[in-house]
Structures are given as structure tokens and as C-alpha cells.
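Structure first, commentary second.
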Amino acid sequence: MGISKYRILYPKTRTASQILGSFKNQGIQSAQEHALDGGGNYAEYISDLKEPSLYTVKAILILDNDGDRLFAKYYDDTYPSVKEQKAFEKNIFNKTHRTDSEIALLEGLTVVYKSSIDLYFYVIGSSYENELMLMAVLNCLFDSLSQMLRKNVEKRALLENMEGLFLAVDEIVDGGVILESDPQQVVHRVALRGEDVPLTEQTVSQVLQSAKEQIKWSLLR
């Protein structure tokens, strides 16, 4: 049997390759020979021995209350064609839009999500990804948009400010790598980038005003 079937004891800081190297150095051919029931500094079941990766996010989606796409950004080729992406989006919407939970496992992927009025926000990672990391991305995106849209996070307001959404997503995730989880920093950077990007006048004014308000409150603390 494979290593994932047994309990092994090692510090959290040890990587999969280090553990496997330790097995080989000791002449151990399988985890079964090294299975322990207690003691040691740390015990866990390893579900999948994969090296840690910076590429945490596979996709970010925003759907309306009919399950139609308003925004979608895929960071790998899990769903290479638009047809496959749309089918996945319909499936994910059908499985989540009537539930109160925030995390789901679907098609071998970890999905975290939340809704606001007529919008559904999704952040997708692999099956072994830390859902807390994905949730941090989801909350950062939602809170950033909430500031930029003056807490009016609904379909019409979003469609009128899509440029700001694209900038915010690029500040939070780049190529699947998480760059930022602080919404105030995201709003501030979007405002700075807005000076060089031809956004609509309404979007720029909203972003700049939100950034100014955040800076003002931070100075008053």
C-alpha cells in the first residue's frame, strides 16, 4: 500500500521529498514498515505527497443568479476550452447556489464561495489545497469590491465597473500565485493603477475616493 494509507510521524516542516528520502536512507520500502500509532512531535495522515506549490488558485469565477458567467479567469489548463469551462461553471452553480455552506469538493477540486444579492463568487483550487488560503483570496476579492462599489455588491454595479474588477483580481492573484490578501492594499493599488489605465470616470472616482477614505481612517487609528 502507498504512504497515504498510513499514519507517519514527522515535524510539519519536513517536505514530502525529505520524508521519502528518509525512508530510502533507512532501507524502508513502504510506509507500512514505518507506521506508528503514537508519540513523536507531529502526527497526520498524508493524503497526497506533493511538493508545496505557490500556484494555489486554479480559477476565480463570478456568476449571476442564473448561473451565467460575468467574470472568469482560469490559471491552468484543467478546463482548456470555453465549452468545458462553461459546463464546469453550470455544474458548480447547480451544486452550490442553494446551499448555506462555504466549501465544496467538486470534480476533484476544492471550491470556496459566497453570494451577495444576485452574484456568486468562487475561488477554485486543487483537491489538496488549503481551503483557508482559498478563502483568504475570496474574502479579499469580495471586500475589495465592496469598498470600490460602496458596499453595493450586485450585478448592475459590477457590470458598470468591470475595469476595476479586472485590476483588483490582478492585484490579488497572478498566474495562480496569491500576491495580496489585504483589501485595503488592493484598493489602494487599483487607485494608483487607475491613473494610468483608461477606466470609466465613475470607476476611477469611486476607487480613488475609497482609497482616500481608507488612508484617512488608517491615519486616525
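None of these values were measured; they are calculated from a predicted model.
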Fill in: Within residues 131-164 or reaching into it, pairs that qualify as ring-ring contact (aromatic ring centres under 6.0 Å, His included) - sequence neighbours excluded
F121-F142

Worksheet entry | Whether over 12 other heavy atoms sit under 6.0 Å from M135 CE | yes

Worksheet item: Sequence neighbours excluded, which residues qualify as side-chain hydrogen bond (donor to acceptor under 3.5 Å, both in side chains) partners of E89?
Response: R69, Y74

Item to complete: State which residue, out of I60, V57, I92, fulfils the side-chain contact (heavy atoms from CB on, under 4.5 Å) condition with I124.
Response: I92

Worksheet item: T96: what forms a side-chain hydrogen bond (donor to acceptor under 3.5 Å, both in side chains) with it, not counting sequence neighbours?
Response: Y122

Worksheet item: Pick one: which of L167, L138, L141, D182 meets side-chain contact (heavy atoms from CB on, under 4.5 Å) with I172?
Response: L141

Worksheet item: Is there side-chain contact between T56 and L134, with heavy atoms separated by less than 4.5 Å?
Response: yes

Practice prompt. Please check if L109 and V123 belong to a single hydrophobic cluster, counting links between Ile, Leu, Val, Met, Phe, Trp and Tyr side chain heavy atoms closer than 4.5 Å.
Written response: no

Worksheet entry | Side chains of V173 and L179 in contact at under 4.5 Å (non-hydrogen atoms) | no

Worksheet entry | Sub-6.0 Å ring centroid separation between Y75 and Y55 | no

Fill in: Validation row: V190, R193 side chains within 4.5 angstrom (heavy atoms)
no

Practice prompt. Flag the pair M148 / N161 as yes when at least one side-chain heavy-atom distance between them is below 4.5 Å, and no otherwise.
Written response: no

Item to complete: Dump the intermediate steps for ring pair (Phe, Tyr, Trp, His ring centres under 6.0 Å) on Y120 and F93, then the final yes or no.
Response: CA-CA 8 Å; Y120 291 83; F93 178 78; 5.3 Å; yes

Worksheet item: In this structure, are over 12 heavy atoms from other groups packed under 6.0 Å from E154 atom CD?
Response: yes

